[in-house]
Amino acid sequence: MAELKGVVLNAWIQFLKSRYGEDRVAAATHNMPRAQQKQMSAGFLDSSWYPIESQSLLTSLTRTLATPADKNISFELGRFMADYAFDKVYKQLLSREPNRLVR
């Protein structure tokens, strides 16, 4: 079964909160079915793996929040996820010096 890393899911949630505001995301989450609300409230750990169905949960949340002006939302989301992962979570693992990675 396909799985997603929690860091991707957390980045997605942070993107929605930064773009639409925490109050609007909370309201949209509140309008989701009870099981999905429960899954969202449990949260995701960056280092854990989650079923691919978690992606459809965030896709439906994004569709609820998106407006017609959000033409490049997929591109912006991808860029945000990369920045989130490599500027925050995995920053310590990256190095501009390849020799340092070998050590």
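Throughout, residue positions are numbered sequentially from 1 according to the sequence presented. If you're wondering where the values come from, they're calculated on a predicted model, not measured in any experiment.
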>> Nearest 0.5 angstrom please: Leu61 CG to Leu65 CG, how far?
In response: 5.0 Å
> Between Trp12 and Thr59, is any pair of side-chain heavy atoms under 4.5 Å apart?
Replying inline: yes
> What's the spacing between Met81 CE and Leu9 CG if we round to 0.5 Å?
Replying inline: 7.5 Å
> Looking at Phe15 and Phe80, what are the two nearest heavy atoms and their distance?
Replying inline: N-CE2, 3.4 Å
> Hey, does Thr29 have a side-chain heavy atom less than 4.5 Å from the side chain of Gln36?
Replying inline: no
> Is any side-chain heavy atom of Gln37 less than 4.5 Å from a side-chain heavy atom of Asn31?
Replying inline: no
> Do you know the tightest heavy-atom contact between Pro51 and Met1?
Replying inline: CB-SD, 4.1 Å
> Any idea which heavy atoms bring Trp49 and Glu3 closest together, and the distance?
Replying inline: CB-OE1, 3.7 Å
> Are the side chain of Ser54 and the backbone N or O of Tyr50 linked by a donor-acceptor pair below 3.5 Å?
Replying inline: no
> Heavy-atom distance under 4.5 Å between the side chains of Tyr84 and Asp46, does that happen here?
Replying inline: yes
> Are any of the side-chain heavy atoms of Met32 and Ser60 separated by less than 4.5 Å?
Replying inline: yes
> If Ile, Leu, Val, Met, Phe, Trp and Tyr residues are connected whenever their side-chain heavy atoms lie under 4.5 Å apart, and connections chain through other members, are Met40 and Ile52 in the same group?
Replying inline: yes
> Considering only heavy atoms from C-beta outward, does the side chain of Ile73 approach that of Thr62 to under 4.5 Å?
Replying inline: yes
> Could you give all pairs that pass the salt bridge (Lys or Arg N to Asp or Glu O under 4.0 Å) test and reach residues 12-27, with sequence neighbours left out?
Replying inline: Arg19-Asp70, Arg19-Glu76
> Are the side chain of Asn10 and the backbone of Phe44 linked by a donor-acceptor contact shorter than 3.5 Å?
Replying inline: yes
> With sequence neighbours left out, what residues match Asp83 under side-chain contact (heavy atoms from CB on, under 4.5 Å)?
Replying inline: Arg79, Asp87
